[in-house]
Structure formats: structure tokens, C-alpha cells
4 protein chains.
Amino acid sequence: MSFNTFGQLFRVTTWGESHGPAIGAVVDGCPPGIELSEADIQPYLDKRRPGQSRFTTQRQEPDQVRILSGIYEGKTTGTPISLMIENTDQRSKDYANITARYRPGHADVAYDMKYGHRDPRGGGRSSARETAMRVAAGAIARKVLGPDVVIRGAMVAMGAHKIDRTRWDWGQVDENPFFCPDALTATEWEAELDAIRKAGSSIGAVLEVVVEGVKPGLGAPLYSKLDADIAAALMSINAVKAVEIGDGFDAAALRGEENADEMRMKEGKVEFLSNHAGGILGGIATGQPIIARFAVKPTSSILIPKRSISADGEEVEVMTKGRHDPCVGIRAVPVGEAMLACVLTDHLLRHRGQTGR
Amino acid sequence: MSFNTFGQLFRVTTWGESHGPAIGAVVDGCPPGIELSEADIQPYLDKRRPGQSRFTTQRQEPDQVRILSGIYEGKTTGTPISLMIENTDQRSKDYANITARYRPGHADVAYDMKYGHRDPRGGGRSSARETAMRVAAGAIARKVLGPDVVIRGAMVAMGAHKIDRTRWDWGQVDENPFFCPDALTATEWEAELDAIRKAGSSIGAVLEVVVEGVKPGLGAPLYSKLDADIAAALMSINAVKAVEIGDGFDAAALRGEENADEMRMKEGKVEFLSNHAGGILGGIATGQPIIARFAVKPTSSILIPKRSISADGEEVEVMTKGRHDPCVGIRAVPVGEAMLACVLTDHLLRHRGQTGR
Amino acid sequence: MSFNTFGQLFRVTTWGESHGPAIGAVVDGCPPGIELSEADIQPYLDKRRPGQSRFTTQRQEPDQVRILSGIYEGKTTGTPISLMIENTDQRSKDYANITARYRPGHADVAYDMKYGHRDPRGGGRSSARETAMRVAAGAIARKVLGPDVVIRGAMVAMGAHKIDRTRWDWGQVDENPFFCPDALTATEWEAELDAIRKAGSSIGAVLEVVVEGVKPGLGAPLYSKLDADIAAALMSINAVKAVEIGDGFDAAALRGEENADEMRMKEGKVEFLSNHAGGILGGIATGQPIIARFAVKPTSSILIPKRSISADGEEVEVMTKGRHDPCVGIRAVPVGEAMLACVLTDHLLRHRGQTGR
Amino acid sequence: MSFNTFGQLFRVTTWGESHGPAIGAVVDGCPPGIELSEADIQPYLDKRRPGQSRFTTQRQEPDQVRILSGIYEGKTTGTPISLMIENTDQRSKDYANITARYRPGHADVAYDMKYGHRDPRGGGRSSARETAMRVAAGAIARKVLGPDVVIRGAMVAMGAHKIDRTRWDWGQVDENPFFCPDALTATEWEAELDAIRKAGSSIGAVLEVVVEGVKPGLGAPLYSKLDADIAAALMSINAVKAVEIGDGFDAAALRGEENADEMRMKEGKVEFLSNHAGGILGGIATGQPIIARFAVKPTSSILIPKRSISADGEEVEVMTKGRHDPCVGIRAVPVGEAMLACVLTDHLLRHRGQTGR
């Protein structure tokens with residue numbers, strides 16, 4: 001992955017700042033002959049779109065994506081697909097008072113350390129707004145993977161409050177504003193997040209993405225391990241601080257005999273009796289569901305004043321009045337799904353290239 | 001990262017199987033004029049080398065590295081540095097009875113799914129033996145980074161048993177066979193691991209790498225985030241299932257005001273009052289210590305029989321009699337350090353290229 | 001170079017079809033803090049723009065470039081610069097009768113062989129229209145290189161008719177419609193090309209780009225040789241069939257003692273007494289002017305009927321009635337200059353990264 | 001292509017200096033299950049090997065290649081293939097008197113400009129010795145391409161003396177020391193080169209590589225054009241100054257109707273009636289023979305004294321007494337073939353990845 005591009009054969013390059021005229025992406029390497037229109041992409045963008053509940057930023061962006069190239073008569077041509085979303089509701093004035101003051105926990109100070117010159121409006125390039133293009137690219141990736149590959153994400157913890165996994169029901173995920181698979185917990189989160197929002201604070205979250213139907217053999221040793229690429233893809237999302245595959249950190253606590261996913265034969269195929277590995281061994285997919293979890297820190301844009309400095313080196317207090325997400329992790333669910341879709345598509349093309357299968 | 005190469009300007013390509021004639025690496029892009037000899041690399045290899053205590057595999061490999069190119073009169077020339085270690089103690093017969101039987105939890109079944117043809121001796125390419133070359137490359141990276149960048153690793157949990165961080169003492173790390181910074185815990189681990197080893201079992205671990213002295217500004221948006229590259233680098237190590245930066249998963253449980261690392265000025269420079277971020281904001285180094293943790297699962301090569309299948313699809317029981325690590329996480333400490341060194345060097349060269357600083 | 005991206009640290013990704021809604025490019029890796037606006041780019045686009053004389057296609061495109069990201073308060077921020085030109089004059093109906101018939105010598109048959117599905121309007125992705133974005137990217141590259149690096153191109157042969165190099169005058173290049181440095185030859189070409197144009201035919205050309213002020217040491221062994229990257233960059237331009245550096249093919253006819261560029265010292269620096277090498281030795285710039293020449297074949301879109309086949313495998317005759325360039329090589333001059341600018345910028349950043357100079 | 005690696009899915013990384021202990025390559029991405037042993041590679045190395053006639057350097061290198069990884073039971077495993085050749089006859093003393101004096105026309109001065117520190121023995125990294133590893137990698141690439149793809153090279157001009165193409169006979173190529181397909185010209189070259197050799201001089205050459213049996217559709221727009229990648233690959237060979245595809249520079253002299261390769265149908269397939277294009281249109285293979293030519297300059301290591309400078313900036317005269325090739329172009333024939341094999345293999349894997357065909 002290099003600067004603003006990820007993938008090797010299925011390559012996604014994104015561009016754009018939060019308050020510039022538009023954001024966009026170029027998806028290069030998409031196979032030809034795939035039916036694709038804006039209608040395939042829009043539903044995923046709508047899922048990520050801000051302003052859908054009181055728990056996400058009230059910025060109103062219709063986020064209508066346009067395809068500018070790479071499609072002819074409704075099908076991909078194999079040439080680059082250019083995607084663009086115009087920014088419409090960029091109330092930069094909301095940010096006027098913070099341009100010169102770094103928000104503690106936010107990337108703006110680091111951008112200045114690196115570049116010395118930065119678009120401060122709404123976080124500029126470091127804004128979570130960029131993730132809209134990941135979601136759009138992910139929608140194209142899903143078309144390449146086909147309907148047999150099912151990618152679903154969920155929020156599994158808000159703050160320290162985890163879901164009860166015994167109540168997991170994928171059917172619930174679209175029934176609450178949290179993509180929560182546990183209806184009861186969702187209700188409790190609602191009250192908790194209301195309190196956090198009213199306090200001008202924010203809270204972190206843990207998200208989980210599960211992928212079923214992955215072809216065994218995808219992935220590759222050693223530095224292109226499927227899990228290494230997934231880790232990079234998820235860690236590249238704004239505010240993500242941790243990634244795990246399968247049992248993840250809990251695997252460290254296991255004995256060898258507990259962690260081993262035993263195998264039997266079933267109808268001529270390998271059947272695993274458990275899935276501690278999260279569907280990946282040695283960086284290669286085994287055909288079991290791929291399970292990835294990631295942690296999103298709380299938004300740094302809060303109403304509670306914190307000590308900071310200005311770009312001029314003055315000691316100041318900072319609080320952010322813009323419209324923000326009290327739990328930015330919520331909107332990371334479709335983003336995480338999209339990243340998995342992109343990584344798997346890239347690996348599919350590379351695997352097919354190397355092995356001819 | 002692509003197949004067996006990682007890095008973009010500081011590029012490391014490794015090759016070799018556990019029981020082939022040799023293993024090696026090509027380090028391309030190393031700056032010219034740096035003093036380098038085998039003596040700079042060997043100490044790090046010795047730290048990773050098996051057979052040093054009863055807690056690591058009893059395979060005896062002197063692991064003497066040879067530099068075959070890229071050096072003239074004791075200094076790097078800017079051309080590729082070829083490194084090679086000959087394999088000497090490859091008792092393949094130990095593995096004779098497992099060639100056709102997949103170890104549950106091991107990559108061998110996945111390699112067969114991908115390639116259909118595989119060197120089974122000692123894990124072949126998927127063996128942890130490959131990590132010796134990462135350590136060698138990391139030693140070169142340290143020379144590029146210079147003495148002001150201090151990279152240190154430690155084991156912070158064996159199984160569910162964590163160290164007491166209040167007793168953290170870097171001076172202890174080389175005084176026990178676990179790279180444990182907490183002398184008391186190290187003693188307790190000794191007894192525990194003896195029991196595990198005698199039971200023919202194995203156990204996972206959590207490792208932590210801390211890097212001090214990193215130049216603020218290293219790293220890059222958005223898909224080359226420093227933390228994204230670190231996550232990929234650590235996840236690409238054998239048996240690693242999870243990675244976190246700074247507070248990692250714990251950050252998900254925090255409120256925005258708790259997670260924010262406040263800033264003051266000190267002697268004309270930014271001083272952070274805490275380090276929840278682990279030294280990285282928006283994918284860019286802030287100058288604070290970089291803190292990365294990763295989880296290693298227990299070795300799958302154990303003496304306890306588990307249900308599995310053979311390459312022919314026969315249902316079998318598998319136990320592994322070869323010489324193995326009861327806690328393979330121990331030897332992952334120098335490997336993790338090396339991966340951080342390589343990632344930081346790559347970012348240093350790219351940063352210098354883009355910004356001229 | 002991969003699919004639609006070239007460069008490693010200074011990366012240019014282009015997208016768009018001749019008759020789609022727009023064409024564009026994303027320039028990633030541009031250093032921060034460089035003053036840049038559309039006004040820096042437009043003059044180069046105007047130079048390449050069609051419809052400026054009777055010797056280039058009569059398609060009227062204002063080719064107004066817009067910068068959509070990566071700039072704040074008139075300066076680059078180090079984040080991706082998105083460029084877009086809307087297509088306005090896409091008379092697709094001109095092409096209606098050729099959609100299903102392959103033009104002999106044109107890429108359309110090859111695209112169908114590869115992708116099976118293709119945008120046929122005006123050549124789609126294979127149209128020379130894409131080169132506008134190369135020119136735009138090249139304008140940015142020139143800003144990075146700074147004013148001391150002077151990149152100039154010229155047409156040195158039209159068909160078999162070469163210029164007289166003893167009359168070379170850079171001042172003439174903008175005084176005739178051919179970018180010809182030899183005023184007398186330009187006059188003769190005018191008459192010749194009029195005749196070709198009226199005959200509904202087309203003609204090839206040879207172009208030369210000279211770069212002065214290149215920092216010695218840019219370039220790199222062995223597969224990133226400066227001349228290897230230049231060769232790829234020029235050969236990737238539409239209709240280019242040959243590339244040479246310095247004496248090029250003529251070097252094959254020389255004796256060792258004739259080809260050797262002797263050296264003396266002048267004011268403490270190396271002075272070369274000749275420049276057979278074209279400024280590059282072993283893939284590395286010597287500080288002498290870099291000289292690259294490339295050949296452009298005649299446009300395949302001509303009014304003279306030729307035997308061909310249709311997409312359905314029917315044997316047909318094809319003649320192309322659209323507006324085309326009788327000598328497409330003319331407009332390749334600014335494109336060649338731009339490619340050199342991009343390659344040199346990429347090497348500048350990589351060199352700076354590796355050597356710190 | 002980056003530094004010392006070329007290719008994207010079929011990746012070749014080379015290392016080693018002329019007078020170091022060994023040279024080598026790592027071939028990564030080779031498909032699994034291909035029968036491969038040293039015996040598949042050695043014949044190509046023998047063809048390139050020095051000391052086979054009085055027209056190539058008298059350095060005696062057995063050039064015995066060893067495969068150190070990536071093969072199990074005689075077949076590739078899909079993991080990196082490490083190749084090594086030990087240097088045995090490195091009479092460095094021959095070069096003792098030139099270490100500090102730059103040979104005019106040689107890369108050594110440029111390496112010092114870039115790196116400031118360089119292995120001067122026998123050209124170090126810039127020595128043509130490196131091309132042995134390209135030939136070895138090319139032999140592996142041929143195995144991937146399979147027997148239907150026939151890659152053959154020939155020398156078509158020595159100095160200004162071209163072959164008579166009407167006498168072209170592939171059967172002659174291995175019957176003379178020049179890989180010359182025209183027996184009569186070969187005899188004349190013999191006398192001419194004897195004279196050059198005795199005069200302590202050297203001479204350039206033009207080589208041609210023809211590839212038959214290439215799958216239509218290989219290649220890709222726009223910066224991965226098959227011809228762009230071929231141009232880079234050939235230009236990256238030592239001493240190459242020019243590359244052309246099909247009619248190359250001669251295409252510039254043609255009219256559109258002359259250059260157009262007309263098409264008819266033959267047995268349900270496209271048949272081209274000529275091959276001005278050299279088998280590539282729009283960067284994509286058409287199924288016709290791919291024809292590439294390249295020019296090699298005369299060796300700069302000659303016995304004739306030339307004015308130069310020393311590394312200390314002293315003005316000196318230089319003549320080179322080492323064993324050198326009077327026409328280094330001869331040995332470039334197998335190298336050119338190998339580069340074509342590698343480029344085509346890389347494109348085959350990428351094409352298969354993207355299109356599934």
C-alpha cells in the first residue's frame with residue numbers, strides 16, 4: 001500500500017478533503033464485463049452516510065456518487081473506474097475557531113509535523129469523510145467477488161459494554177442505529193449514547209466483520225498474508241487502533257490443544273470443528289468464515305475543553321463545536337466491510353494470476 | 001507488501017525453506033556509506049536463535065549470517081545486500097511421519113489448498129525459521145535509523161498471565177529467558193512453562209515493542225499510515241493473530257476526554273501529557289514513543305494428539321514429535337523489533353524523499 | 001508502472017475515456033508547500049490542445065483543467081491532487097459507423113481481444129485524449145523540479161524528412177505549428193502535411209526531448225534505471241514505437257573510442273567533452289543534458305479505405321471519417337516533455353529518500 | 001520496476017557484484033507445480049557465458065547455477081526461488097590500476113555521483129555479469145510460458161554492418177559466434193571483429209528478439225503497456241541505448257495506409273496481412289509475433305587511451321587492461337530473450353488475474 005493507493009491488482013486510489021469541492025476514487029484493475037452502475041454503490045454509501053440518526057454527525061451530505069469512467073453500456077470495461085461525490089454541506093465556519101488550535105487526539109498536529117502546510121477545514125484529508133470512497137470501492141469489489149461471498153459487519157462493543165454473543169442475530173443489524181446484532185444491547189446503548197452525546201463527549205467501539213464463502217487458497221505468504229493485508233486495511237481507517245483475526249488477543253491465552261482447529265472430512269471436503277483461526281492459516285484462507293475485529297477510538301472532536309497548543313506554539317484550551325459523531329465507530333461498520341471486500345478482491349485476482357485457478 | 005517482499009524504498013525480500021540448503025534475504029534500497037558487517041547483524045540473530053534455553057526448540061542452528069553483496073570496504077554501496085544463512089541441522093526424518101498429515105492449527109493444510117504442492121519438511125516456507133532473515137534485515141534497518149532511535153521489545157503476557165507493569169524494568173529483559181521486563185513474573189512463568197513443556201503442550205503470548213526517538217512526521221496518509229504498515233508487518237509474522245497501537249482495544253472503552261493526549265509546550269517543542277495514541281496520530285508519528293503490541297498463538301506442533309485429516313483426505317490423529325517451542329512467542333520479541341525497524345526505515349526514506357527533510 | 005499508474009513516490013493515475021463525461025488524474029506524493037494553481041497547468045494543456053492549426057484534429061475542446069483536491073491557500077499540502085477536465089465536444093456520431101469495425105493499425109481490436117467489452121467511442125480509453133492528463137501531471141512535476149530544470153521538446157522528423165540539426169534554434173519551436181526548431185524545414189513540412197491531409201492520409205514523426213539542469217546522481221540501478229523508466233514512459237504514449245537515449249541506435253555503429261565521452265575538470269566539476277550517452281550512464285544522470293528521442297507512427301484513422309474485419313468476424317473495408325490528426329506526432333511533443341518531467345520528479349524523490357541529498 | 005526488482009506478479013530481484021563472492025536472484029510469484037531443476041536453466045547460462053569464443057571476454061566462469069529454495073521433489077512450490085552463482089575467476093588485480101580512474105563511457109563515474117561509495121572491482125554492480133541472473137530468471141519464465149511460446153534472439157547488425165534479412169535463417173543462429181541468422185554476414189563479421197579486437201577497440205551492435213505464440217490480449221493500458229514494459233526491460237540491460245517495437249523508428253517515415261496492418265478472417269480467427277506493429281497494438285498483444293530490437297553501445301573498456309579524470313578530480317588518461325568483450329552486444333542476445341520471457345510471464349499472470357482467462 002502506498003500513500004493513497006491500496007491493492008496491487010485491484011487498486012483503489014482515493015483523493016479529496018472534507019471541505020474541498022469533491023472527494024473521489026479511482027478503481028483500477030476491475031475485471032471487464034461486470035454489470036455496474038451507481039445503483040450498485042449508492043446503498044452502501046447510504047448506510048455510511050452521516051445524519052441518519054441522532055448518533056451520527058448532523059452534517060447533511062446526500063453523498064450521491066457519480067461514475068465518470070470505466071463503464072460502457074452498463075458494464076465495466078477493465079479500464080479505471082473514476083468515482084466522485086461532490087461536497088455540498090461544508091460549513092467551514094464551524095471550524096473557523098479551531099484552524100490554528102490542535103484538537104488533542106486528532107491528526108491535525110501530526111499533519112503539520114509532516115507537511116508544515118495543511119487544509120484544516122473539517123480535518124481536511126484526515127477527515128473520516130474519505131471513508132465514503134472506501135465504501136464506494138468496496139461496493140465494486142463485492143460485484144467482483146460475486147454473490148457467494150457474503151460480507152457482514154456489526155458493532156460488538158460500545159465503550160466497555162459488549163454485546164451478548166449468545167443473542168447474535170444478523171437480522172437485527174439493520175434494525176437499530178448501531179449495526180448491533182443483539183437487540184437488547186442496542187436498546188441499552190441508545191440510552192448510554194444519548195447521555196454521552198448530551199455531555200458533549202464521545203466513546204469508542206469494537207466492530208466485527210465476518211466473511212463467508214471465501215475460496216480456500218486466497219492469500220499468500222509471507223508479506224502479503226491475507227491477515228496482514230486485512231490488518232493494514234483496517235488499521236488504515238480513521239481512528240482505528242487495533243485489529244485482530246479469529247480469537248486474536250484471546251489466542252495468546254490458549255494452550256496449543258485448545259487453539260488447534262481440528263479437522264474431519266465432510267462430503268469430500270475438509271471440515272473444521274472450530275474456528276479459532278478466524279478462517280486464515282499461514283496467511284491463506286481455509287474456506288472457513290473470515291473473522292476480523294477492530295477497535296475505534298472515541299472521536300477527538302468533543303465539547304469538553306482540553307489543554308492543547310496552537311500552530312504558533314501557544315498554550316490554549318480546545319473544544320470543538322462542529323457537528324460530530326458521538327460514536328464514530330458506528331459508521332466504521334460499512335467501512336470495515338468495504339475494506340475486507342477490497343482486500344479479498346485483490347487477493348482473488350492475484351491468486352487467479354499465480355495459480356490459474 | 002507483495003508476496004515475499006516488504007517495504008517500498010527499503011525493500012526486504014526473503015527466501016528459503018526450513019529444511020532447504022539455506023535461507024536468505026535481499027535488502028534493497030539501503031542508503032550508501034553506512035558501516036556494516038556481519039558483526040552488526042549477528043547479535044540480533046543470536047537473540048532469536050533457537051536452542052538457547054529449555055523454552056525454545058532444541059534445534060541447534062549456529063545461524064551464522066553471511067553478507068554476499070552490497071558492501072565494499074566495510075560500507076554499504078547503495079546496491080542490494082544479499083544475506084544468507086546455511087541450514088545445518090535439518091533432521092527431516094523427525095517430520096517423516098507428518099508429511100502427509102495436517103497439524104491442526106498449522107499452515108500446512110492452507111498451503112496445500114493454495115498451491116497443491118508444498119515442501120512439508122519442518123513447515124517448509126511457513127516455518128518460523130524465515131523470521132531469522134527478518135531479524136537480519138532489521139539489524140541493517142537499525143543502522144540506517146542510527147543510534148538515536150531505540151527499539152526494544154518485551155514479552156508482556158504468557159498465556160493469561162500478564163506482567164505487572166508497575167515493575168517494568170528494561171534492564172531485566174536480557175536477564176531471563178522470556179525477554180520479560182518484570183523479574184518476578186519471569187520466575188513464575190518459568191515454572192508454568194516447564195509444566196506446559198512437560199505436558200507436551202504449548203502456550204500463546206503477548207509481546208510489546210517500544211520505539212523511542214522517532215522523528216515526528218514519519219508516516220503518511222492514508223493507506224501507508226505508519227500504524228497500518230506496522231500492523232501488516234507484525235501480522236505477517238508467523239502465528240500472530242492480533243496487533244494494537246497505543247491503548248489499542250482498550251481505547252474502545254474510553255471517552256473522548258480520556259483518550260485525548262493533551263499538549264503543552266516544553267523548550268519550544270510540543271510535549272504530550274499522555275500517550276494513549278502510542279505515538280501515532282492519523283498514521284503519522286508525533287515524536288512520542290511508538291508502542292505496538294501483538295499476540296502470538298500457541299505453537300500447533302504439540303505432543304497431544306488431535307483429530308485431523310491427511311493430504312489424501314483420510315481421517316487421522318496427529319501429534320508432532322519434532323523439536324518445538326513450547327512458547328514460540330518468546331522468539332517473536334526480536335522479530336517484532338526487527339519489523340518495526342524495517343517499517344520505520346522505509347518510512348524515513350519515503351518521508352525524506354517527499355519532504356526533503 | 002502498473003495499469004493506469006506510473007511512478008513510485010511521485011505517482012500519477014489517470015482515468016477517463018475520449019467520449020465519457022470527463023477525464024482526470026490523481027497525482028499522489030507531490031511534496032507539500034509548492035505554489036500551484038490551474039494557471040500553472042493550463043499553458044501546457046493549451047500547447048497540446050487540439051484544434052489549434054489545420055494540422056491537428058478539429059475537435060474543439062477548451063480543456064479547462066480543475067484542481068479538486070490537494071491544494072490549500074494556493075499551495076500543495078502533500079495529499080493527492082485530483083485533476084479533472086470535462087469533455088464537451090464529443091461528437092460520438094462521427095464514430096457511429098466504425099464502432100463494430102476495427103481500424104487497421106488501431107488498438108481497438110486488441111482491446112476487444114483482451115477485455116471482450118470496450119467503449120468504442122473515439123477510441124475510448126485508448127484515445128490520445130488521455131495524454132492531456134499526462135501533460136497536466138507533467139506541469140505539476142515541473143513545479144517540483146523547479147526552474148533550474150529546463151525541459152524542452154521538438155519535432156525532428158516528419159515522415160522521412162528530418163530537420164537540419166545545424167539550423168537548430170529553440171526560439172523557433174513556438175513559431176510554427178510543428179514545434180520544429182528549424183524554421184526552413186518547418187516551412188517545407190507545411191506544404192507536405194497539407195498534401196497528406198488533403199489525401200486523407202497521415203504521417204509519422206520523430207520527437208526529441210532535451211532536459212538541462214538535472215542533478216547528477218538521479219536514477220538508479222538496475223531495473224529503475226533512469227533511461228529504462230524514460231523508455232517505458234515514452235513508449236506508454238499512444239502510437240509510440242521506438243525510444244532512444246543519446247546516440248541511440250547510432251551508438252551501435254560506433255567504436256568504443258568514438259562513443260566514450262571523455263572527461264576533464266572545469267571549475268572543480270566534471271566536464272564531459274561530448275554527450276553520446278545522452279546524459280545517462282549506467283542508468284544514472286551525469287549532469288549532462290538528457291536527450292531522448294521517440295518515434296510516433298502515423299494515425300490509423302484515415303480516409304483511405306483498408307481491409308479489415310468487424311467485431312462479428314465479418315470481412316469489411318474501413319475508412320474513418322472523424323476529425324483526426326494528420327500528424328499525431330505534433331501533439332506528442334508536450335506529452336513527451338511531461339513524461340520526462342514526471343520520471344525525473346519520481347527519481348528526484350527516490351534519490352533524496354535513499355541518499356538524503 | 002523498482003531498484004533491483006522487476007515485475008509485479010512474476011518478480012525478479014537480482015543482487016551481486018562482479019567480483020563479490022557470488023551473484024544471485026530471487027524469483028517470486030512463480031506458479032506452483034512446474035517441473036524445474038538447474039538443468040532447465042544451465043543451457044541458457046551457457047549460451048551467455050563468457051569465454052566461449054575469442055569474441056567474448058576471456059574471463060572463465062563456469063557459471064554453475066544453484067537453486068536454493070522454492071522447489072520440492074523437482075517442482076516449484078509457489079514460494080520464492082533463490083538462485084545463486086558463485087564467482088570463481090575474479091582477477092581483481094587486473095582492475096587495480098583503474099579503481100580510481102573513471103573509464104569514459106562507463107557507469108563508474110555516475111555511481112560515484114549517486115552513492116559516493118562504490119565497489120570498483122570489475123564494474124561492481126554495474127558489471128554485465130549481473131545479466132547472468134536475468135538469463136537464469138528468463139529460463140524459469142520460459143517454463144511458465146510453456147513450449148508454445150517460442151522466444152528467439154539474433155544479432156542483426158555489428159557496427160554499421162547489417163545482416164541481409166532475405167538470408168534470415170534461424171537455423172544459423174547457433175552455428176556462429178554471433179547468434180547471426182545470416183551465415184554470410186557472420187563470416188564477414190568474424191574478420192571485422194578480429195581487427196577490432198586486435199586494435200584494442202570495441203564495437204556496438206543491434207539485436208532482435210522475436211516471440212511467437214503469445215496469447216492475444218496480454219498487455220494492458222496505459223502505463224503497463226506490453227511494449228512499455230518491454231522497452232524498460234531491454235533498456236535496463238547494460239549498455240543498451242535504444243529500443244524499438246515492430247517497424248520502430250521506420251514507422252515514423254510511413255503513411256497511415258502503409259503502416260496499417262490489414263486484417264482478414266482465417267479459420268475463424270483474425271489474420272493480419274502484415275506486422276508493422278510488431279505484434280502489439282495499444283500496448284496489448286494481437287497474437288502476431290512480437291518483434292523487439294535494441295541497440296548496444298560499444299564496451300567502454302578498451303585498450304585505447306582516452307582523457308578522463310580520477311575520483312580525486314585529477315585529469316588522467318585511461319585505458320583498460322582487463323579481459324573484455326570486443327562486442328558486448330553478442331552476449332546480450334540471450335539476455336534480451338530472457339527479458340522478453342520475464343515481461344511476458346508477468347503479463348500472463350496479471351492478465352489471468354484480471355480477466356480470469
Side-chain angles (χ1 to χ4, degrees), chain B residues 2-5 7-35 66-87 99 111-112 114-121 124-126 130, chain D residues 2-5 7-35 66-87 99 111-112 114-121 124-126 130:
Chain B
S2 61
F3 292 165
N4 295 280
T5 299
Q8 297 207 12
L9 285 195
F10 185 81
R11 301 166 63 76
V12 179
T13 302
T14 70
W15 56 267
E17 277 80 38
S18 176
H19 288 57
I23 57 173
V26 182
V27 177
D28 195 13
C30 182
I34 294 176
E35 291 194 9
R66 283 181 66 201
I67 299 178
L68 298 174
S69 68
I71 308 289
Y72 183 65
E73 295 184 342
K75 286 186 181 167
T76 59
T77 58
T79 61
I81 301 168
S82 175
L83 304 168
M84 191 168 75
I85 295 174
E86 286 182 50
N87 290 329
T99 53
Y111 270 65
D112 266 358
K114 182 173 191 71
Y115 297 117
H117 179 63
R118 170 179 63 93
D119 181 348
R121 298 166 302 160
R125 181 65 182 153
S126 70
E130 184 268 348
Chain D
S2 61
F3 291 167
N4 295 280
T5 298
Q8 298 207 11
L9 285 195
F10 185 81
R11 301 167 63 78
V12 178
T13 301
T14 70
W15 56 268
E17 278 80 38
S18 177
H19 288 56
I23 57 173
V26 183
V27 178
D28 194 12
C30 183
I34 293 176
E35 291 194 8
R66 282 181 66 201
I67 299 177
L68 297 174
S69 68
I71 308 289
Y72 183 66
E73 296 185 341
K75 286 186 182 167
T76 58
T77 58
T79 61
I81 301 167
S82 175
L83 304 168
M84 189 169 75
I85 294 174
E86 286 182 49
N87 289 329
T99 53
Y111 270 66
D112 265 359
K114 184 174 192 71
Y115 298 116
H117 179 63
R118 171 180 60 93
D119 181 348
R121 298 167 301 162
R125 182 65 182 152
S126 70
E130 184 268 349

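In what follows, chains are A, B, ... by sequence order, proteins preceding strands, each numbered from 1.
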Next on the checklist: Is there a side-chain contact between R118(B) and Y72(D) in this structure, where contact means two heavy atoms from C-beta onward sitting under 4.5 Å apart?
Outcome noted: no
Item to check | Minimal non-hydrogen separation, N4(B) against P80(D), with atom names | outcome: ND2-CD, 3.2 Å
Next on the checklist: Could you check whether any side-chain heavy atom of P21(D) comes within less than 4.5 Å of a side-chain heavy atom of R66(B), counting everything from C-beta outward?
Outcome noted: yes
Checklist entry - What's the spacing between H117(B) NE2 and I34(D) CD1 if we round to 0.5 Å? => result 11.0 Å
Checklist entry - Is there side-chain contact between T79(B) and W15(D), with heavy atoms separated by less than 4.5 Å? => result no
Checklist outcome for this item: Answer key: most heavy-atom pairs under 4.5 Å with chain B among T14(D), T76(D), I71(D), D28(D) is D28(D)
Item to check | Contact check, side chains of M84(B) and L68(D), non-hydrogen atoms, under 4.5 Å | outcome: yes
Item to check | Exercise: identify the closest heavy-atom pair between E17(B) and G70(D) | outcome: OE1-N, 3.0 Å
Checklist outcome for this item: Shortest non-hydrogen pair, Y115(D) vs T77(B), comes out as CG-O, 3.3 Å
Checklist entry - With chain D, which of S82(B), G116(B), G78(B) has the greatest number of heavy-atom pairs at distances under 4.5 Å? => result S82(B)
Item to check | Structural part of L9(D) lying under 4.5 Å from a heavy atom of chain B | outcome: both
